[in-house]
Amino acid sequence: MEKQRTLLLIKPDSVHRGLIGRIINRFEEKGFNISAMKLIWMKREQAEDLYSPHVGKSFYEPTVEYMTSSPIVAVVVGGFDAINQVRKMNGATRPNEADPGSIRGDFGQRVDNNCVHGSDSLESALREIPIFFKDEEILDYERCIYRWL
């Protein structure tokens with residue numbers, strides 16, 4: 001297993017419902033690093049870039065509209081096998097199919113309001129993270145953690 005970084009987005013429904021802290025806490029308790037985080041109102045261009053692999057699909061435009069309708073929290077999560085583990089912790093895309101204990105299983109209400117987004121592959125993470133963060137905004141945890149001990 002290698003250390004990875006992945007993008008986690010806490011979607012408008014979760015921000016509106018006051019779930020930011022509870023969601024972030026799950027990743028911290030699991031031992032992941034929060035390498036960057038910001039509360040933003042996603043621009044349409046960012047949403048179009050993020051969801052560009054889905055252009056032409058029926059859910060593309062409603063998803064872009066939804067993600068730009070209200071603030072979100074963008075997070076870079078780092079740790080061993082972060083991409084797969086974050087996706088597992090997020091749960092199945094459809095909340096009614098997500099396991100209890102997962103974020104979507106515990107908090108998700110509908111597929112179009114399913115609480116969180118996580119990069120689905122290393123390639124996606126490498127493409128998605130720069131949509132929201134410049135390199136200098138991401139903490140190099142390995143470089144500075146020993147200074148804190």
Within one Ile-Leu-Val-Met-Phe-Trp-Tyr cluster: Ile23 and Ile83, side-chain cutoff 4.5 Å: no
Aromatic Phe132 / basic Lys38 pairing, under 6.0 angstrom, 45° off normal: no
Residue among Ile138, Val77, Asn33 satisfying side chain to side chain contact (heavy atoms under 4.5 Å, CB included) with Arg5: Ile138
Residue pair Glu137 / Ala36: nearest heavy atoms and the distance that separates them: O-CB, 3.5 Å
Phe80 versus Gln85, closest heavy-atom pair with distance: O-NE2, 3.1 Å
Sequence neighbours excluded - ring-ring contact (aromatic ring centres under 6.0 Å, His included) pairs with any residue from residues 15-39: none
Within-4.5 Å side-chain heavy-atom neighbours: Asn90 and Ser102: no
Short side-chain to backbone donor-acceptor contact, Trp41 and Thr68, under 3.5 Å: yes
More than 12 heavy atoms from other groups under 6.0 Å of CZ on Arg94: no
Same apolar cluster (I L V M F W Y, side chains within < 4.5 Å links), Val76/Leu39: no
Student check: side-chain heavy atoms of Met67 and Leu9 closer than 4.5 Å: yes
Side chain Arg17, main chain Phe107, donor-acceptor under 3.5 Å: yes
Test item: side-chain donor near acceptor, Asn113 and Lys11, under 3.5 Å: no
Parallel, tilted or perpendicular: rings of Phe59 and His54 (30°, 60°): tilted
Exercise: identify the closest heavy-atom pair between Thr6 and Ala125: CA-CB, 4.1 Å
Sub-4.5 Å side-chain heavy-atom contact between Pro53 and Arg127: yes
Non-hydrogen atoms of Ala98 and Gly105 that approach each other most closely: CB-N, 3.4 Å
Gln46 (side chain) donor-acceptor with Lys43 (main chain) under 3.5 angstrom: yes
4.5 Å side-chain heavy-atom contact, Glu2 and Asp81: no
Inter-residue atom distance Asn84.CG - Gln4.CD, 0.5 Å rounding: 6.5 Å
Electrostatic pair Glu65-Arg44, nearest N-O below 4.0 angstrom: yes
Gap between atom OG of Ser124 and atom CZ of Arg87 - 0.5 Å precision: 8.5 Å
Test item: Ser14 side-chain N/O and Cys115 main-chain N/O as donor-acceptor pair under 3.5 Å: yes
Taking every non-hydrogen atom, the tightest pair across Val15 and Ile72: CG2-CA, 3.9 Å
Pair listing, salt bridge (Lys or Arg N to Asp or Glu O under 4.0 Å) test, anchored in residues 101-122, at least two apart: Arg26-Asp106, Arg110-Asp112
Check: Glu128 side chain, Leu7 main-chain N or O, donor-acceptor pair, under 3.5 Å: no
Donor-acceptor contact below 3.5 Å, side chain Glu97 vs main chain Ala92: no
Side chain proximity check, Met37 to Val73, heavy atoms < 4.5 angstrom: yes
Min side-chain heavy-atom separation Glu48-Tyr60 under 4.5 Å: yes
hydrophobic_cluster_shared for Ile34 and Ile103, side chain cutoff 4.5 Å: yes
Distance (rounded to the nearest 0.5 Å) between Asn114 CG and Thr63 OG1: 9.0 Å
Exceeds 12 heavy-atom contacts within 6.0 angstrom, atom CG of Asp135: no
Cluster check Leu122, Met89: I/L/V/M/F/W/Y, side chain < 4.5 angstrom: no
Min side-chain heavy-atom separation Ile10-Ile24 under 4.5 Å: yes
hydrophobic_cluster_shared for Tyr51 and Ile129, side chain cutoff 4.5 Å: yes
